[in-house]
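Just below is one structure, and these are the notes that go with it.
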Amino acid sequence: MPELPEVETIRLKLKPLVIGKKIKEINILVPKQFIGQKGLIINKTITDIQRSGKLFNIVFNNQQFLNIHLKLTGQLLFAKNINHPVYKNEIPLAKSKIMPGRTTRIIIYFSDGSGLFFNDLRKFGWMKISNIPERPQGIDVLSPNFTFQYFTSLTNSTNKSIKLLLMDQEKIAGIGNIYANDSLFLAKIHPQRPAKTLTAKEINNLYLGIKKIINQGIKDQGSSGADEAFILPDGKKGNHQKHFLVYQKEDQPCPNCKALIKRLKQGGRSSFYCPKCQNL
DNA sequence: CTGCGGTCCTGAAGGC
DNA sequence: TGCCTTCAGGACCGCA
């Protein structure tokens, strides 16, 4: 689900809440979503939370890592008192898909009585214990290594469509369907353009567009779509969905020229674009 | 290399 | 009411 801005928002919120906490127990409700030996981090203390692309690395004081991918619908929710009756199944609140309850897959208990719910409606996400911080191969959009030169070398070296290149985590880490669509709109580039055909000016516009839209997403504390799949560790929503440019705007007027936004499929995903503003 | 469709899952929404 | 199709912030795999 979440892309870089959502994952980063969760990281920033969660970090001060869980640094210094010691793991008391981990309750794994869906075994396929937890990989590795939980015993390796029981009684160990969290020293940091890092992020690379869409992956979290929770760092422990014994050189172990809890690596987490939320995929489409994963959530990490912090509870001050995780044994509070409100979190038990029979309370009406627990029926909501956005609160701990129906979609909870893993529960982490800390030694001070607080804890963490890993909710995931579609069960695609995972947690993995490892002695290394798992990271995507591509360069993170917020990394100083994500330079204009690097981005130019990527676009010039492939015949792939630019949209699929932006979403290729082995090349660029962190961009998903929302921010790919809106970056291309900002740069006035059609999603089906072969990457190699971009002009130097277009590459520059797109590079700046990516940075602008990703940073805007972080400022807005991420995007919470209509289905409310994304929420912060405290249960609150992000605001970036109010600022979507073309994403999920099929048949609505382009913010620039009022032409109707169109939709097409690429790699099984929807691409949204303005047929007038974005050059093929 | 590139793209496409199926796969892992669950649920909401819309057409008939 | 019910049934069927499509769609959803991701990513992998095998096949053309």
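Lettering of chains follows the sequences in order, A, B, ..., and the numbering in each one begins at 1.
Classification of A/D168 and A/K160 as a salt-bridged pair holds, one side-chain N sitting under 4.0 Å from a carboxylate O. A salt bridge links A/E202 with A/R193: at least one charged nitrogen is closer than 4.0 Å to a carboxylate oxygen. Classification of A/D220 and A/K242 as a salt-bridged pair fails, no side-chain N sitting under 4.0 Å from a carboxylate O. Taking 4.0 Å as the cut-off between side-chain N and carboxylate O, A/K262 and A/E250 do not count as a salt-bridged pair.
Note: A/Y179 and A/Y247 fail the aromatic proximity criterion, with ring centroids not under 6.0 Å apart.
Annotation for A/Q266 and A/P191: closest pair NE2-O, 3.1 Å, computed over non-hydrogen atoms. Considering every non-hydrogen atom in both A/L14 and A/P233, the closest pair reads CD1-CB, 3.7 Å. The two atoms that bring A/R102 and A/R105 nearest to each other are O-NH1, 3.7 Å, heavy atoms only.
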Here DNA chain C, pairs taken as Watson-Crick or G-U under 3.5 Å and shown with ( ), [ ] when crossing and | when to another strand, reads .|||||||.|||||||
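Proximity of A/T73 to the phosphate of B/dT10: no side-chain N or O atom is located under 4.0 Å from OP1 or OP2. The shortest distance between the side-chain N/O atoms of A/K32 and the OP1/OP2 oxygens of B/dC9 is below 4.0 Å. Close to B/dC9, at under 4.0 Å from its OP1 or OP2, lies no side-chain N or O of A/R105. Distances shorter than 4.0 Å separate none of the side-chain N or O atoms of A/K160 from OP1 or OP2 on B/dT2. At the phosphate of B/dT2, neither OP1 nor OP2 sits under 4.0 Å from any side-chain N or O atom of A/N159. A close approach under 4.0 Å does occur between a side-chain nitrogen or oxygen of A/H69 and OP1 or OP2 of C/dA11. Considering only side-chain N and O atoms, A/K265 lies under 4.0 angstrom from the phosphate OP1 or OP2 of C/dA8. For C/dG10, neither phosphate oxygen OP1 nor OP2 lies less than 4.0 angstrom from any side-chain nitrogen or oxygen of A/Q169. Taking side-chain N and O atoms only, A/S270 has a distance below 4.0 Å to OP1 or OP2 of C/dA8. Between A/R269 and the phosphate of C/dA11, there is no side-chain N or O to OP1/OP2 separation shorter than 4.0 Å. Phosphate contact (OP1/OP2 of C/dG9, side-chain N/O of A/Y179, threshold under 4.0 Å): absent. The phosphate of C/dC7 has OP1 or OP2 within less than 4.0 Å of a side-chain N or O from A/R263.
Taking atom C1' on both B/dG6 and C/dT6, the two are 16 Å apart, rounded to the nearest angstrom. Of the P atoms belonging to B/dG11 and C/dA11, the separation is 23 Å, rounded to the nearest Å. Rounded to whole Å, the separation between the C1' atoms of C/dG9 and B/dG3 comes to 22 Å.
Stacking between A/F124 and B/dC8 is present: the aromatic ring centre lies within less than 5.5 angstrom of the base six-membered ring centre, and the two planes differ by under 30 degrees.
For C/dG9, the base is syn relative to its sugar; the glycosidic angle is within 90° of 0.
Taking every side-chain heavy atom of A/N177 into account, C/dG9 is the closest of B/dT2, C/dG9, C/dA11. Listed candidates were C/dG10, C/dG9, B/dG3. Nearest to the side chain of A/Y247 is C/dG9. The listed nucleotides are B/dT2, C/dG9, B/dG3; the one nearest the side chain of A/I178 is C/dG9.
Checked by distance alone, A/R122 brings a side-chain donor or acceptor within 3.5 Å of a matching partner on the base of C/dA8.
Residue-level contact check: A/G268 touches neither bases nor backbone, having no heavy atom under 4.0 Å from any strand.
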